[in-house]
Amino acid sequence: MTHQTPPIPLTPPSGAHSPAEAADDYSSIGYRPDAAIRWGLPQFAIGIGLFVAILIVVNAVALFVPRAAQSPLLFAAVLAGYGALFLSALHAARSRGTGSLARDFGLRFRPVDLATGLGVGIAAKIVGVIIAIPLVGLTGGVPTSNVPMQSDLVWIVLNTVVATTLVAPLVEELFFRGLLLRAIRNGVLRGRASHPRTAPPSAARARSALLASILISSVAFMAMHLYQAPDLTTLLVLGTSTLVLGLANAALATRTGRLGPGIVAHMVFNGVALLGFFATSR
């Protein structure tokens, strides 16, 4: 007779557990790591390593190419860098997971994600500005935009609009709130592959898994953007805003199990910044 696992409730069970009920202790967090998933932090490290290597190569090449070639080079860097992150996640799913970006990383959308993402994206931008104001006052400087200046319309569309509001939100959410967040959470819950935990997690470990995955993935997301800041004031503003967005989207991904709302929020967040850039640039 085939055994079917009962649905996992979103609230922790109370009282004594039978052996069958003990297997459902993941119900305290509403999440159970898929047994087929064997990817983790090494796959994240590979993707980030490729991304950094591409940045170094592109910056070195930029020293020797004429000004007219800078915009095409920047777009090539966007495709190569984000392509490396995307392919790293895709390879992780296919070689050490279920083969599905939706099942491995939660790359799914629902209509409600549009409204949720819009609200969270705007709220994250407002909170980031509020926090950044006193930090800017402490430095006495004026933050500059991290959006690259372009002269031709085609490169304005590709290197600012397309890269900032379409490519970056999709790939960064997949990589940081999909692969990294779940890798940390699964690692805390299940242990290392060489020393896996066989017992269901305690309530304390479950909470630690959620907290660690949200905080670490958000800090990593922030750190990934700091190279774009040309000065201390911009560094503080950029770091604050990306950390706020990272925390908000990590919470969304954890609560919903989907990347859809976070991708929309990220698009809105970047879109608002882009509108500000165009409104203030001359």
Side-chain angles (χ1 to χ4, degrees), residues 10 30-31 44 47 78-79 81-83 85-90 93 100-132 145-147 156-185 210 213-222 224-225 228 237-279:
L10 292 179
Y31 170 80
F44 170 81
V78 169
L79 294 180
Y82 284 114
L85 297 183
F86 179 83
L87 291 177
S88 295
L90 181 63
S100 166
L101 294 180
R103 187 173 176 183
D104 278 57
F105 308 120
L107 186 59
R108 295 185 295 269
F109 293 86
R110 291 183 182 176
V112 69
D113 295 344
L114 294 174
T116 303
L118 176 62
V120 171
I122 293 175
K125 175 60 70 175
I126 293 173
V127 171
V129 169
I130 292 173
I131 297 175
S145 175
N146 64 318
V147 178
I156 291 175
V157 172
L158 292 177
N159 285 332
T160 56
V161 179
V162 173
T164 301
T165 62
L166 296 177
V167 177
L170 174 62
V171 177
E172 289 176 6
E173 292 305 315
L174 174 66
F175 196 71
F176 285 94
R177 258 67 71 177
L179 193 157
L180 178 58
L181 184 145
R182 293 188 176 209
I184 296 168
R185 184 171 60 186
L210 295 185
S213 63
I214 289 173
L215 292 179
I216 295 175
S217 64
S218 300
V219 171
F221 173 69
M222 174 192 69
M224 182 246 197
H225 289 81
Q228 300 171 355
V237 173
L238 183 61
T240 299
S241 61
T242 51
L243 180 60
V244 169
L245 179 66
L247 291 170
N249 282 358
L252 276 179
T254 299
R255 179 67 183 87
T256 66
R258 303 189 306 278
L259 297 180
I263 291 174
V264 175
H266 201 149
M267 289 178 173
V268 171
F269 187 91
N270 285 3
V272 171
L274 198 58
L275 289 175
F277 168 74
F278 286 135

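As a basis for the values below, the full set of heavy atoms in this structure was taken, side chains included, without hydrogen atoms, waters or symmetry mates. Please read these numbers as outputs of a predicted model, since none were measured by experiment.
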*Asks:* For G257, does its backbone N or O pair with a side-chain atom of R108 as donor and acceptor, under 3.5 Å?
*Replies:*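 Yes, because the side chain of R108 sits within donor-acceptor range (under 3.5 Å) of the backbone of G257.
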
*Asks:* Kindly indicate, with the supporting measurements, whether the criterion side-chain contact (heavy atoms from CB on, under 4.5 Å) is fulfilled by T116 and V264.
*Replies:* CA-CA 8 Å; T116 303; V264 175; over 6 Å; no

*Asks:* Indicate the atoms forming the closest heavy-atom contact of A250 with S217, along with that distance.
*Replies:*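 Closest pair (atom of A250, atom of S217, distance): CB-OG, 4.1 Å.
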
*Asks:* Quick check for you: to the nearest 0.5 Å, what is the distance between S241 atom OG and I126 atom CD1?
*Replies:*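 If I round to the nearest 0.5 Å, the distance is 13.5 Å.
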
*Asks:* R185 and T254: side-chain contact (heavy atoms from CB on, under 4.5 Å), yes or no, with the steps?
*Replies:* CA-CA 10 Å; R185 184 171 60 186; T254 299; 4.1 Å; yes

*Asks:* When you measure from the side chain of R182 to the backbone of D104, do you find a donor-acceptor pair of N or O atoms at a distance under 3.5 Å?
*Replies:*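 A pair under 3.5 Å: yes.
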
*Asks:* Is the H266 to F176 ring centre distance short of 6.0 Å?
*Replies:*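 Ring-ring flag for H266/F176: false, centres at least 6.0 Å apart.
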
*Asks:* Which atoms form the tightest heavy-atom contact between V78 and V167, and what is the distance?
*Replies:*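 Smallest heavy-atom distance, with atoms named: CG1-CG1, 4.5 Å.
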
*Asks:* Which heavy atom of P261 sits nearest to which heavy atom of T256, and what is that distance?
*Replies:*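 P261 and T256 have their closest heavy atoms at CG-OG1, 3.9 Å.
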
*Asks:* For the atom pair NE2 (H225) and OG1 (T242), what is the distance rounded to the nearest 0.5 Å?
*Replies:*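 If we round to the nearest 0.5 Å, H225:NE2 and T242:OG1 are 6.5 Å apart.
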
*Asks:* Is a donor on one side and an acceptor on the other found under 3.5 Å between the side chain of S213 and the backbone of L210?
*Replies:*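 Between the backbone of L210 and the side chain of S213 there is a qualifying donor-acceptor contact (under 3.5 Å).
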
*Asks:* Got a second to check how far L259's CG is from F109's CZ, nearest 0.5 Å?
*Replies:*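 So the gap between those two atoms works out to 7.5 Å.
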
*Asks:* To the nearest 0.5 angstrom, please state how far the CG atom of L170 sits from the CD1 atom of I263.
*Replies:*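 One finds 5.0 Å between CG of L170 and CD1 of I263.
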
*Asks:* Walk me through it: do L180 and I184 pass the test side-chain contact (heavy atoms from CB on, under 4.5 Å)?
*Replies:* CA-CA 6 Å; L180 178 58; I184 296 168; 3.7 Å; yes

*Asks:* side-chain contact (heavy atoms from CB on, under 4.5 Å), that's the test. Do F86 and L101 meet it? Break it down for me.
*Replies:* CA-CA 10 Å; F86 179 83; L101 294 180; 4.1 Å; yes

*Asks:* Shortest non-hydrogen contact from A93 to F105?
*Replies:*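 Of all heavy-atom pairs spanning A93 and F105, the closest is CB-CE1, 3.8 Å.
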
*Asks:* Return the minimal non-hydrogen interatomic distance between L179 and A89, and the atom names on each side.
*Replies:*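 Smallest heavy-atom distance, with atoms named: CD1-CA, 3.8 Å.
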
*Asks:* With rounding to the nearest 0.5 Å, note down the distance linking OH in Y82 to CD in E172.
*Replies:*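 Here the interatomic distance stands at 3.5 Å.
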
*Asks:* Enter the distance from I214:CD1 to L247:CG here, rounded to the nearest 0.5 Å.
*Replies:*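 If we round to the nearest 0.5 Å, I214:CD1 and L247:CG are 8.0 Å apart.
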
*Asks:* Locate the shortest heavy-atom distance separating A168 from N270; write the atom from each residue and the value.
*Replies:*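 Heavy-atom minimum between the residues: CB-ND2, 4.4 Å.
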
